Amino acid sequence: MSDSFHLENKVALVTGGASGIGAATARELTRAGAEVIIADINQAAAESFAKEVPGSRAAAMDVTDAASIARVFEGVSKLDILVNNAGIGLVGDISRTSEEDFERVMRVNVTSVFLVTRAALPLLLASHGSIVNIGSVAGSVGVKQRFAYCASKGAVQAITRQIAVDYPKELRVNCIAPGTVETPFVEGYLEKYHAHEKEKVRAELVARQPIGRLGTPEDVASLVRFLCSKEAEFINGAVVPIDGGWTAA
Ligand SMILES: NC(=O)c1ccc[n+]([C@@H]2O[C@H](COP(=O)([O-])OP(=O)(O)OC[C@H]3O[C@@H](n4cnc5c(N)ncnc54)[C@H](O)[C@@H]3O)[C@@H](O)[C@H]2O)c1
C-alpha cells in the first residue's frame, strides 16, 4: 500500500474508532498520512488507543446524541473523510425482537449515520470529502435471527445511495458490506449466546464464508483507505461487499 492510496493532509473522523473495524481503520488512515479523530462513546478506550496511534486524537461522542456530536464538531475546522462505523448487533427473529430493542438498534446503526453525516456535511462539502458507511452483508441478504440488524444495515445502504444522488459532484459516499469479521463484536456475541459451544458456532460462521476464514479488521480498513483515496474517485454511491464470497454464493 505504501506507493498508493495516500491521504496526506486529510483529516478523518472514525465513529466507533476505539475497537475492532473502527480501530483498524483509524490506524490504517494514519498510516496513509491522514490525521484521525477517534470518536467513540467509550472515552477511556478511545483515549488509550489514540495514545498508541501517532497522528490520531480521541473525542468522546455518542453517535445517537445530536448534542454530543455537535460538541465534537465545535472543535473540528476541516474534515475530508467521515467513516460512519459505530454500530451494535442484536440476535432474534421478528417474534423475539422487542420494540425497545428494535428502536435501539435503529438509533445506533441508522439514526447515527443521519446525525453524524448531517453535522459533518458543511465541512465535507467544503473539502469535496468522502464518506464511508460501514454496513454489512446483512443489508444485502437475509441473515437468520438478525431481524433488527438486517433492517438497520439495509437502511445504511439506502442512505448511502440517497446521499450520492443528492451530492453527486460535491462529495463521494460509499458503503462497505463486510461478512463476519473477527472483532470484540463477534466475540461478545459468541460469549453471550453460545458460551458453551463457542468453537462450534465459530466454525459455522467460518463455513458461510466460502474463502474459509473470518475477515480481519485490517481487511476492511484497507478497503476504507482505498475508497477514500484519489484512486477511487470514480466510485460513488456503491455498496462494496467484503465477505470472502458469502454473498456471491
Ligand atoms: N464484526 C463483524 O462481523 C461485522 C460485520 C459486518 C459489519 N460490522 C459492522 O462494523 C461496525 C463495527 O463493528 P465491530 O465489529 O468493529 O464492533 P466493536 O464492537 O468491536 O466496535 C464498535 C465500537 O463502536 C462504539 N460504539 C457503540 N455504540 C456507540 C455510540 N452510541 N456512539 C459512539 N460509539 C459507539 C463502541 O464503543 C466500540 O468501540 C458496526 O457498524 C458493525 O455493525 C461488523
Side-chain angles (χ1 to χ4, degrees), residues 1-2 4-18 21-43 45-47 49-86 112-134 156 159-160 162-164 166-176 220-238:
M1 294 287 265
S2 59
S4 309
F5 317 127
H6 285 287
L7 300 172
E8 268 99 20
N9 303 317
K10 306 282 188 201
V11 179
L13 186 144
V14 181
T15 68
I21 292 169
T25 297
R27 208 185 272 283
E28 186 61 30
L29 297 183
T30 60
R31 214 177 272 146
E35 186 188 312
V36 178
I37 302 162
I38 296 167
D40 205 289
I41 197 168
N42 187 340
Q43 186 173 0
E47 279 170 4
F49 183 56
K51 284 197 191 111
E52 277 178 37
V53 182
S56 76
R57 71 176 170 88
M61 179 192 281
D62 177 352
V63 294
T64 68
D65 176 1
S68 162
I69 296 165
R71 274 196 296 279
V72 172
F73 277 98
E74 273 166 23
V76 181
S77 54
K78 166 179 154 64
L79 190 72
D80 305 278
I81 295 165
L82 170 64
V83 184
N84 284 309
N85 163 78
S112 65
V113 178
F114 160 46
L115 294 176
V116 179
T117 305
R118 189 179 60 176
L121 197 61
L123 294 173
L124 291 170
L125 291 175
S127 66
H128 200 105
S130 175
I131 303 167
V132 177
N133 295 324
I134 305 299
V156 172
I159 286 173
T160 302
Q162 198 287 328
I163 294 176
D166 267 346
Y167 299 95
K169 297 194 168 135
E170 295 85 351
L171 50 71
R172 292 188 307 112
V173 52
N174 292 292
C175 175
I176 294 178
V220 182
S222 299
L223 182 54
V224 177
R225 174 176 176 171
F226 168 65
L227 286 174
C228 296
S229 71
K230 190 165 174 9
E231 285 85 346
E233 73 181 1
F234 201 54
I235 305 179
N236 195 17

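Since the model is a prediction, treat every value here as computed from it, not as a measurement. Starting from 1, each residue takes its place in the sequence as its number.
The shortest heavy-atom contact between Ala26 and Gly17 is CB-O, 4.4 Å. Considering all non-hydrogen atoms of both residues, Ala66 and Leu115 come closest at N-CD1, 4.2 Å. For Cys228 against Ile81, the heavy-atom pair with the smallest separation is SG-CG2, 3.5 Å. Between Pro168 and Asn236 the shortest heavy-atom distance is O-ND2, 3.6 Å. Contact between Ala120 and Leu79 at its shortest, heavy atoms only, is CB-CD2, 3.8 Å. Contact detail for Ala18 and Ala23: the closest heavy-atom pair is C-CB, 3.9 Å.
Considering CG of Leu123 and CG of Leu82, their distance stands at 10.0 Å, rounded to 0.5 Å. With values rounded to the nearest 0.5 angstrom, Thr30 atom OG1 is found 9.5 Å from Arg225 atom CZ. In this structure, Ile69 CD1 and Arg71 CZ are separated by 10.0 Å, a value rounded to the nearest 0.5 Å. The line from OG of Ser112 to CG of Asp65 is 12.0 Å long, rounded to the nearest 0.5 Å. Put simply, OG1 on Thr160 and CD1 on Ile134 are 9.5 Å apart, with the number rounded to the nearest 0.5 Å. One distance of note links OG1 of Thr25 with CD1 of Ile38; it measures 10.5 Å at 0.5 Å rounding.
Side-chain contact of Thr117 with Asn84: a donor-acceptor pair under 3.5 Å is present, judged by distance alone.
When atom types are taken as modelled, the side chain of Asn85 and the backbone of Thr15 share a donor-acceptor pair closer than 3.5 angstrom. At distances below 3.5 Å, at least one donor-acceptor pair connects side-chain atoms of Asn174 with backbone N or O atoms of Ile235. Proximity of a side-chain donor or acceptor of Arg172 to a complementary backbone N or O of Leu227 within less than 3.5 Å is detected.
Each of Leu13, Ile37, Asp40 was scored for a side chain to side chain contact (heavy atoms under 4.5 Å, CB included) with Met61, with one residue passing: Leu13.
Side-chain contact between Glu231 and Ser4 is present, with heavy atoms from C-beta onward closer than 4.5 Å. A heavy-atom distance below 4.5 Å is found between the side chains of Tyr167 and Leu125. In this structure, the side chains of Ile163 and Leu171 come closer than 4.5 Å at one or more pairs of heavy atoms. Under the 4.5 Å side-chain criterion, counting only non-hydrogen atoms from C-beta, Cys175 is in contact with Val156.
Heavy atoms from other residues, nucleotides or ligands lying under 6.0 Å from CG of Asp166 number more than 12. At most 12 heavy atoms of other shown residues, nucleotides or ligands fall within 6.0 angstrom of atom NZ in Lys51.
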> Going through the checks in order, is the side-chain contact (heavy atoms from CB on, under 4.5 Å) test met by Ile131 and Leu124?
Replying inline: CA-CA 8 Å; Ile131 303 167; Leu124 291 170; 3.7 Å; yes

